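The structure displayed is predicted, hence computed values, not measured ones.
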Amino acid sequence: MQHLSLEALRAFISVYELQSYTAAAQQLSRSQPAISLQLQRLEELLGSQLLQRSGGRIHLTEAGRELWDQAKHLLNINDQIFAKIAEPSLTGVVRLGIPSEFASKLLPQVLGQFAQSYPHVTLSVTSALSKELLAQEQQQFDLVIALKEPEKRLTRAGLVLLKQDSLVWVSSIASNQLAAVTDSAAEAVPLVVAPEGCIYRRRALQVLRQHTIPLRISYTNADFSGLTAAIDSGLGITVLAQSTLPDNLIHVRHVGSHALPELGNVSVVMWQADSDNPAATQLAQFIQERI
């Protein structure tokens, strides 16, 4: 009888999510050769290549895509067994700060799984811009999930890289209907953005200006639900991390006659307070293994 290695499955997930064997090794407290060997043995066991490099990124093969959800499901079952049997008495309050868009897409399932595994832990979640969360971390939070520019080093104490995520242009209008928003090359691309300090806003302005594409800010709102409502109303497009894209928004590549340029990546990072809070430590590990 053949058995899948849970450690190899974690390595597979981490390498793809972090887009790096070295970062996966650091996250899992292993050496880079050990991670590579685990993936090699997993591919040999399954008889299929799971990951491949192309265009400077690590992609899932067809077999990798088939394995992805099942691998996460197996790891969730494993972790829930340990949570319910080995650590049934974990209690406490965790003050978690997250970007607003994470509250609607990326984190709800993870936090729901944590709540099921640790029913006596209370989660107090605050949503705000990443810049504000990182500025207030010491006073208000046990954990913070935030976005940072990928080229910036993680020099702050307690800050770890969770994953690299692609930034995408989004709208609620199909791309062939966006011609109604801008119908000529001379007309500016309308942007729906958060206030100054938002990484999405900064990247959108930077990339459009680099490609000499005219733009105008048509709507500004710090609240994510306000931004999505403006997009639903046809006021313009915005930028989001691909993994946080809500179901009512779509990835677009053209606005009128404008071909929208690539936006690059963003780093999703986590900060944990240096305090004696076992519940926060457990949640940090829970999130790190799933994002």
Side-chain angles (χ1 to χ4, degrees), residues 1-53 57-92 94 96 102 105-121 123 143 145 160-165 242-243 267-270 272 277-291:
M1 183 177 294
Q2 295 177 311
H3 299 278
L4 290 170
S5 163
L6 294 181
E7 287 189 352
L9 293 179
R10 287 196 196 278
F12 163 65
I13 289 173
S14 294
V15 167
Y16 177 68
E17 290 285 8
L18 296 174
Q19 289 291 298
S20 167
Y21 282 77
T22 301
Q26 293 173 346
Q27 183 187 69
L28 299 175
S29 299
R30 302 295 300 273
S31 67
Q32 189 271 331
I35 295 296
S36 298
L37 182 60
Q38 285 179 334
L39 279 172
Q40 179 183 337
R41 289 176 175 172
L42 180 61
E43 290 178 330
E44 291 173 352
L45 178 64
L46 296 176
S48 298
Q49 183 180 0
L50 301 174
L51 300 171
Q52 62 184 10
R53 289 188 179 274
R57 289 185 58 82
I58 298 174
H59 300 273
L60 295 173
T61 64
E62 182 177 351
R65 288 192 295 271
E66 291 179 0
L67 176 63
W68 183 257
D69 288 337
Q70 297 298 326
K72 285 199 166 186
H73 182 60
L74 283 173
L75 293 174
N76 286 337
I77 292 174
N78 173 80
D79 295 345
Q80 287 180 13
I81 289 173
F82 275 96
K84 291 180 178 179
I85 297 176
E87 301 171 336
S89 60
L90 187 66
T91 62
V94 181
L96 174 65
F102 283 30
K105 183 68 175 181
L106 187 61
L107 279 177
Q109 183 177 2
V110 173
L111 297 182
Q113 292 171 357
F114 182 84
Q116 292 177 1
S117 300
Y118 303 98
H120 302 297
V121 174
L123 299 178
L143 284 177
I145 309 297
V160 297
L161 176 67
L162 292 178
K163 65 179 295 185
Q164 296 281 353
D165 207 350
Q242 188 167 28
S243 62
S267 295
V268 182
V269 300
M270 179 173 64
Q272 182 178 354
N277 186 337
T281 299
Q282 189 62 39
L283 178 58
Q285 180 180 345
F286 204 88
I287 291 174
Q288 193 167 1
E289 291 172 351
R290 286 163 176 78
I291 296 182

| field | Sidechain-backbone polar pair: R53 side chain, I58 backbone, donor-acceptor under 3.5 Å | value | no
| request: State the CH2-CD1 distance between W68 and I13, to the nearest 0.5 angstrom. | output: 5.5 Å
| query | Heavy atoms, side chains only, cut-off 4.5 Å: are T91 and Y118 in contact? | reply | no
| request: Kindly write out the residues that satisfy side-chain contact (heavy atoms from CB on, under 4.5 Å) with S20, not counting sequence neighbours, or none if the list is empty. | output: T22, A23
| Quick one: do E17 and K72 make a salt bridge, cutoff under 4.0 Å? | yes
| remark: ring pair (Phe, Tyr, Trp, His ring centres under 6.0 Å) pairs touching residues 28-47, sequence neighbours excluded, are none
| request: Among residues two or more places apart or on two chains, list those pairs meeting side-chain hydrogen bond (donor to acceptor under 3.5 Å, both in side chains) that have a residue in residues 43-52. | output: Q40-E44
| Can you tell me how far OG of S31 sits from OH of Y21, rounded to the nearest 0.5 angstrom? | 13.5 Å
| query | Taking atom types as modelled, is there a side-chain donor on T281 or Q272 under 3.5 Å from an acceptor on the other? | reply | yes
| query | So, for Y16 and F12, is the gap between ring centers shorter than 6.0 Å? | reply | no
| message | I'd like to check L123 versus F114 (side-chain heavy atoms, cut-off strictly below 4.5 Å). Are they in contact? | response | yes
| field | side chain to side chain donor-acceptor pair (under 3.5 Å) involving Q19 - partner list, sequence neighbours excluded | value | none
| field | Student check: side-chain heavy atoms of L162 and V269 closer than 4.5 Å | value | no
| message | Do Q38 and R10 make a side-chain contact, defined as non-hydrogen atoms from C-beta onward lying under 4.5 Å apart? | response | no
| Check: L143 and M270 side chains under 4.5 Å, non-hydrogen atoms | yes
| query | Can you name the side-chain contact (heavy atoms from CB on, under 4.5 Å) partners of A115, sequence neighbours left out? | reply | none
| Candidate list L74, L42, L60, test side-chain contact (heavy atoms from CB on, under 4.5 Å), partner L67, passing option | L42
| message | Tell me every residue that passes side-chain contact (heavy atoms from CB on, under 4.5 Å) with E66, counting only those two or more places apart in sequence or in another chain. | response | E62
| field | Check: T61 and L51 side chains under 4.5 Å, non-hydrogen atoms | value | no
| Beyond-backbone contact of L283 with V121, side-chain heavy atoms, under 4.5 angstrom | no
| field | Exceeds 12 heavy-atom contacts within 6.0 angstrom, atom CZ of R41 | value | no
| remark: Between the CD1 atom in I35 and the CG atom in L37, the distance rounded to the nearest 0.5 Å is 10.0 Å
| request: Give, for atom CG of L161 and atom OG of S267, the distance between the pair rounded to the nearest 0.5 Å. | output: 5.5 Å
| From S14 OG over to Q288 CD, what is the distance, rounded to the nearest 0.5 angstrom? | 8.0 Å
